[in-house]
Amino acid sequence: MTEMLSGGDMLIRSLQDEGVEYIFGYPGGSALHIYDAIFRQQKIEHILVRHEQAATHMADGYARSIGKPGVVLVTSGPGATNAITGIATAYMDSIPMVVIAGQVPRDLIGTDAFQETDMVGISRPVVKHSFMVRDASEIPGIVKKAFHIATTGRPGPVVIDVPKDTTDPAETFEYNYPDSVNLRSYRPAYEGDMGQVKAAVAAILEAKRPVFYVGGGVIQADAKDSLRALVRAVGAPVASTLMGLGAYPGTDELSLGMLGMHGTYEANMAMDDTDLVIALGARFDDRVTNNPDKFSPKAKIIHMDIDPASIDKIVDSHIALVGDAQWVIEAIWAEYQSQVKARSVQQSESQAQYLADWWQQLNGWRKDHGLNHGLKPEQGKAILPQLAVQTLYRVTKGEAFVSSDVGQHQMFAAQYYHFDEPRRWINSGGLGTMGFGLPAAMGVQMGSPQAVVACVTGEGSFMMNMQELSTCLQYGLPIKIINLNNQALGMVKQWQDMQYGGRHSQSSYSDSLPDFKTLVEAFGHVGVKVSDATELDAAMEWAFSEENKKRLVFVDVWVDPHEHVYPMAIKGGAMRDMILSKTQTSGSSS
Amino acid sequence: MRAILAVLLENEAGALSRVVGLFAQRNYNIETLTVAPTEDHTLSRLTLTTSGDQDRITQIIKHLDRLVEVVSVINLCAEEHVERELLLVKVRAVGDARQEVKRSADVFRGQIVDVTSDTYTVQLVGPSQKLDAFISAIGDNGEEATILEVVRSGVSGMGRGNRVLSA
Ligand SMILES: Cc1ncc(C[n+]2csc(CCOP(=O)(O)OP(=O)(O)O)c2C)c(N)n1
Ligand SMILES: [Mg+2]
């Protein structure tokens, strides 16, 4: 027997049938029929945020951490426009998300009605796709397509704009949720080309100084096991993008850490000197390559990506592999095994020698200018932000989910917290959205209630979405917020120090900061302020102690406001061109 | 390099705006654009001319292909093809120029589709360069012939021989 349901009920039923656990949202006029449908069911829990931007970041953090699409519901007009930043954030990092926006009734569309905005139009450049419901009967089919598009191929956010009258409880329709989708115009590649796979393996076997350049695509495709097997078989170093951290274990000896603008010395030097770049699920972002004309000048480039449009966009590849990262990496591994077997003893020995020489070079770089992971608190000295992250790493045994915002603190977190597993580092890499960290951490905690979730933030970023402290209380989210408080928009200040003669235009507010401890207490949480390096350990231990297991704790760490993030790429240079400290540079300009 | 991109698009509301938006967003230029449903009413066919070096054209094609509603896309210029554009031009012509305009229209195999005592409306079909040539030929007739109005359909085209763009 088919059921008769209203548009609003069909929408919610479709989400249930899609296996949705949570909707992150905020109500308003155009969405009220949908909200009533939510009220009359139990399967899906709605999480009421305090600002729609936070709903999108929560859904995003949820999606990044567990690999399922995040679902957002907002009302028309301001609800929809508030969601845009979060949609754009998800789009830039290819995060699967479905955003349902209320819309004014169909007969009012185009009349500048109250709270009308052209959501499909406004979101168009920052969505993978969007739908406008023209007739209530289309709702189940549209929801099915939206989830299919959001989660397959290169994932991304999909918007569904729902005019209020299509959810009217007065009208009912036969409800059937489709089991499959067939879109003739949308068939993302899955399998790669075997000819290219063979060519890639031949290149790997010929290389003397190969390097893996691993991005977020490997994490999205859940390809960590294949990646690890391949890397270990080849024995080449791994440089990870900001988005790829954790795909390969950060503490493994083959890991060079992060590459790019604030990447490690050894990772960037390796990229510059390599004769073979094996780029997996990475897109040659300008924050990685520095000047693309000077990128890896001696290297052959293998580029694997799910999105053909990423290939040859910034840097021309010699061997292009379009396909699912899991499929392609496994195919490379299998092919590698068979080509290795076919080699002569002599070939194997000479390659082993090349690799040994390469590692000697890499280890030399690491020794010369690698990051110091053994910082110690010094009495009477300002707290180094790096030390705060190191302490967090130690206290959480490297097992926490860590979200971050944007700025110096973000780079310190990426450099000093080592991620041994994918989906643990939750960060707005592409759009660089301040205000992402707290709500993203909340989404992570919703998806993994038992997990330890930390948000490494800066006081500037934190204040962009701090209203969500209230949501945290409502849902009992025991997030640990580590605020690297440098009393300034530190990253902006760093650029101003380096490029604008130290003129700190609008990057400071040190005389008007709130007392964060009191602030979080007002929201019903607990906090601690640390300004002495010798108190850092105890404060961090306390934050993660049994006593605080169920509480949100805010650790306000007053760090050295003069600290800069190093290494830092020299603008317009090659990857070896880096500023290493306030007095040292490397590369051609040194 | 000039490219003529032939695109099959789901005939759905909003699909065209995605194509046009893509060009604006990625800083690609559109020189001409035509669109209409095909014999299969679920599909629209769009022909778009643009220019850029090979890398740019390749990127444009990849990005078009990435749009969910784009079913298929090719660059007609990559192989032998037929291209046509329709021109309507209204010319003010008096005195000796009336004969001149008529003659030019004949030479270019144009048709006069409307006449008044001091104007002609000429219709011309052909590749874009032929239309350009006709417009400048008419413009060369001095004071007695002036172009009052021009409308061009934009380029449409197809591959030659057995080459077919299908869904
Ligand atoms: C929404 C938004 N606005 C502006 C910026 C530009 N921006 C990048 S880093 C930064 C400073 C961040 O300050 P804070 O959060 O305190 O971090 P810090 O660099 O001090 O560690 C700014 C303003 C941004 N990334 N996002
Ligand atoms: Mg700051």
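Throughout, protein chains are lettered first and strands after them, A, B, ... in sequence-line order, and every chain is numbered starting at 1.
Within residues 33-54 of chain B, the residues approaching chain A closer than 4.5 Å by heavy atoms are, in numerical order, B:Asp40, B:Thr42, B:Leu43. Within residues 59-66 of chain B, the residues approaching chain A closer than 4.5 Å by heavy atoms are, in numerical order, B:Gln59, B:Lys62, B:His63, B:Arg66. Scanning residues 110-121 of chain B against chain A with a 4.5 Å non-hydrogen threshold yields no residues.
Counting heavy-atom pairs closer than 4.5 Å to chain A, the top-ranked of the candidates B:Ser72, B:Ser17, B:Ala167, B:Gly14 is B:Ser17. Ranking A:Ser130, A:Pro125, A:Ser185 against chain B, the residue ahead of the rest is A:Ser185, based on heavy-atom pairs under 4.5 Å. Highest contact tally toward chain B, considering only A:Asp316, A:Ile311, A:Leu183, A:Val120, is held by A:Ile311 [criterion: heavy-atom pairs under 4.5 Å].
Rounding to the nearest 0.5 angstrom, the gap separating the CD atom in B:Glu12 from the CZ atom in A:Phe131 is 8.0 Å. The CZ atom of A:Arg124 lies 6.5 Å from the CD atom of B:Gln25; values are rounded to the nearest 0.5 Å.
Annotation: B:Arg26, atom CZ; neighbour count of heavy atoms from other residues, nucleotides and ligands within 6.0 Å is above 12. Heavy-atom contacts from other residues, nucleotides or ligands closer than 6.0 Å to CD of B:Glu80 number 12 or fewer. Counting non-hydrogen atoms of neighbouring residues, nucleotides and ligands closer than 6.0 angstrom, the NZ atom of B:Lys130 exceeds 12 such neighbours.
Heavy-atom distances place the side chain of A:Arg154, and not its backbone, under 4.5 Å from chain B. Of the two parts of B:Arg56, neither the backbone nor the side chain holds a non-hydrogen atom closer than 4.5 Å to a non-hydrogen atom of chain A.
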Begin from the C-alpha positions of B:Val68 and A:Ile149 and carry the test side-chain contact (heavy atoms from CB on, under 4.5 Å) through to its verdict. CA-CA 8 Å; B:Val68 169; A:Ile149 292 170; 3.8 Å; yes
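Residues passing the side chain to side chain contact (heavy atoms under 4.5 Å, CB included) test with A:Thr75, sequence neighbours excluded: A:Ser30, A:Ala31.
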